[in-house]
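No hydrogens, no waters, no symmetry mates; every other heavy atom, side chains included, goes into these values.
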Amino acid sequence: MKEDWKPGTMIYPLPAVMVSCGSTPEEWNIITLAWVGTICTNPPMCYISVRPERHSYNILKKNMDFVINLTTEEMAFATDWCGVRSGKDYNKFEEIKLTPGKATMVTAPIIEESPLSIECRVKEILSLGSHDMFIADVVNIKADTGYMNQENGKFELRQSDPLVYLHGNYYGMGDKIGKFGWSVEKKNKR
């Protein structure tokens, strides 16, 4: 049996990401978000949704670029800390001992400890209510070569122990139970 609830945001789990923004070291900031996702493959586009009252909001709007840094179980403490502390009061890179790195295509720094940093250029900002959605073109990706499979050339993000957010809590990923298309694969005949 199911019961009705009021409408809400119950699409979980989501990636717990650290978005870096700012064009100078004095302006650099990190905001932790779970309201993030893919919009389009070709051209590659994604979005982040940010409350206008957040410190990072004006930095994002001014510079019109950002970096989505994927997080890991090892980064869980830093991920949470950067989500509950304001960049108005803290230099988050210094306080939590994360390393800002040079992005290739945007002014915002990458987070060196992240296994994958997605450089984004804002295309449009949609005011939606509690959050504004920053729709962005993906202009570059920086991938940690430590997660490259040398045999097949694939990036093995699963090996980084990705962090996810589920209704107020952080979790690691469970065991693999299948792959895209496995339910319709033809079985080998012997």
Side-chain angles (χ1 to χ4, degrees), residues 13-37 46-128 130-147 157 160-172:
L14 297 165
V17 303
M18 298 171 80
V19 173
S20 49
C21 58
S23 60
T24 64
E26 299 77 35
E27 185 182 56
W28 288 346
N29 195 39
I30 301 167
I31 182 172
T32 298
L33 300 174
W35 295 173
V36 57
C46 60
Y47 77 92
I48 60 172
S49 290
V50 180
R51 291 179 182 267
E53 61 268 18
R54 297 289 187 234
H55 177 69
S56 292
Y57 180 88
N58 289 325
I59 299 170
L60 291 161
K61 203 166 181 182
K62 174 187 160 215
N63 294 298
M64 297 296 280
D65 68 21
F66 57 87
V67 179
I68 297 171
N69 300 277
L70 301 188
T71 59
T72 65
E73 290 179 29
E74 189 176 307
M75 296 173 73
F77 183 86
T79 302
D80 183 64
W81 194 92
C82 287
V84 296
R85 299 287 187 219
S86 174
K88 286 183 297 197
D89 305 319
Y90 297 95
N91 177 323
K92 294 181 183 182
F93 279 101
E94 287 180 12
E95 291 285 335
I96 208 70
K97 301 197 181 358
L98 291 171
T99 311
K102 177 124 178 70
T104 302
M105 301 295 292
V106 299
T107 61
I110 67 166
I111 297 174
E112 291 287 355
E113 290 77 7
S114 172
L116 195 75
S117 298
I118 304 165
E119 298 179 33
C120 301
R121 189 167 293 126
V122 177
K123 184 175 187 147
E124 183 178 354
I125 303 170
L126 294 176
S127 184
L128 301 172
S130 64
H131 291 70
D132 283 3
M133 179 186 283
F134 290 76
I135 297 172
D137 290 316
V138 174
V139 294
N140 190 53
I141 294 177
K142 285 194 165 301
D144 185 330
T145 58
Y147 299 107
L157 183 60
S160 73
D161 296 324
L163 187 66
V164 298
Y165 180 81
L166 179 69
H167 203 61
N169 298 291
Y170 301 101
Y171 294 92

S.K.: Can you tell me how far NE2 of H55 sits from SG of C21, rounded to the nearest 0.5 angstrom?
M.R.: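 One finds 7.5 Å between SG of C21 and NE2 of H55.
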S.K.: Rounded at 0.5 Å granularity, tell me how far CD1 in I141 sits from SG in C120.
M.R.: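 I141 CD1 to C120 SG: 8.5 Å, rounded to 0.5 Å.
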S.K.: Who are the side chain to side chain donor-acceptor pair (under 3.5 Å) partners of Y47, not counting sequence neighbours?
M.R.: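 Expected list: none.
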S.K.: Taking only residues two or more places apart in sequence, or in another chain, which ones meet Y147 in a ring pair (Phe, Tyr, Trp, His ring centres under 6.0 Å)?
M.R.: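 Counting only residues at least two positions away or on another chain, Y147 forms no ring pair (Phe, Tyr, Trp, His ring centres under 6.0 Å).
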S.K.: What's the separation between atom OG1 in T32 and atom OH in Y170, rounded to the nearest 0.5 Å?
M.R.: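 Output value for this atom pair is 6.0 Å.
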S.K.: Working to the nearest 0.5 Å, report the span between OH of Y165 and OG1 of T79.
M.R.: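 That separation rounds to 12.5 Å.
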S.K.: With a 4.5 Å heavy-atom cut-off, do K92 and L98 have their side chains touching?
M.R.: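 K92 vs L98: side chains apart.
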S.K.: Under the side chain to side chain donor-acceptor pair (under 3.5 Å) rule, collect the residues that match up with T24, sequence neighbours excluded.
M.R.: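 Partners of T24 under the side chain to side chain donor-acceptor pair (under 3.5 Å) test: E26.
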S.K.: Would you mind listing every salt bridge (charged side-chain N to carboxylate O under 4.0 Å, His left out) that reaches into residues 58-82, with sequence neighbours excluded?
M.R.: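 Applying salt bridge (charged side-chain N to carboxylate O under 4.0 Å, His left out) to every pair that reaches into residues 58-82, excluding sequence neighbours, yields E27-K62.
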S.K.: I want to check something: taking the side chain as every heavy atom from C-beta on, are F93 and I30 in contact at a cut-off of under 4.5 Å?
M.R.: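 They are in side-chain contact.
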S.K.: List the atom of W28, the atom of G22, and the distance in Å for their closest heavy-atom pair.
M.R.: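 Nearest heavy atoms, W28 then G22: CD1-O, 3.5 Å.
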S.K.: Do Y57 and F134 make the cut of ring centroids closer than 6.0 angstrom?
M.R.: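 So the answer is yes for these two rings.
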S.K.: Report yes if the side chains of M75 and L163 come closer than 4.5 Å at any heavy-atom pair, otherwise no.
M.R.: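 Sidechains of L163 and M75: no contact.
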S.K.: Under the rule for side chain to side chain donor-acceptor pair (under 3.5 Å), what residues qualify as partners of S117, not counting sequence neighbours?
M.R.: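 Partners of S117 under the side chain to side chain donor-acceptor pair (under 3.5 Å) test: N69.
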S.K.: Using the salt bridge (charged side-chain N to carboxylate O under 4.0 Å, His left out) rule, collect all pairs that involve residues 95-110, keeping only residues at least two apart or in two chains.
M.R.: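 Qualifying pairs, neighbours excluded: none.
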S.K.: Could you tell me whether the side chain of T72 and the main chain of D161 form a donor-acceptor pair under 3.5 Å?
M.R.: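 Judged by distance alone, no pair lies under 3.5 Å.
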S.K.: Can you name the nearest heavy-atom pair linking A143 to L116, along with the distance?
M.R.: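 Looks like CB-CD1, 3.6 Å.
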S.K.: Less than 4.5 Å apart, side chain to side chain, heavy atoms only: is that true for I96 and C82?
M.R.: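 Yes. Closest side-chain heavy atoms under 4.5 Å.
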S.K.: Any side-chain heavy atom of D144 within less than 4.5 Å of one from S160?
M.R.: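 The answer is no, as the side chains (C-beta and beyond) never meet within the 4.5 Å cut-off.
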S.K.: Quick one: pull up NZ in K142 and CD1 in I111 and give me the separation to the nearest 0.5 Å.
M.R.: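 One gets 14.0 Å once the value is rounded to the nearest 0.5 Å.
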S.K.: Has S114 got a side-chain atom pairing as donor or acceptor with L70's backbone, closer than 3.5 angstrom?
M.R.: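 Checked: pair present.
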S.K.: Are the side chains of V122 and L60 in touch, meaning some heavy atoms are under 4.5 Å apart?
M.R.: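 A side-chain contact under 4.5 Å is absent here.
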S.K.: Is E113 reaching over with its side chain to a backbone N or O of T99, donor-acceptor style, under 3.5 angstrom?
M.R.: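 Yes, E113 side chain to T99 backbone: donor-acceptor pair under 3.5 Å.
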S.K.: Do any N or O atoms from the side chain of S20 and from the backbone of P109 form a donor-acceptor pair under 3.5 angstrom?
M.R.: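 Yes, S20 side chain to P109 backbone: donor-acceptor pair under 3.5 Å.
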S.K.: Using 0.5 Å steps for rounding, measure from the OG atom of S49 to the CD1 atom of I135.
M.R.: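 Separation between the atoms: 8.5 Å.
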S.K.: Measure from the side-chain N and O atoms of T71 to the backbone N and O of A16, and report whether any donor-acceptor pair falls under 3.5 Å.
M.R.: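 Present.
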S.K.: If I compare all heavy atoms of A108 with all of V67, which pair ends up nearest, and what's the gap?
M.R.: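 Minimum heavy-atom contact is O-CG2, 3.9 Å.
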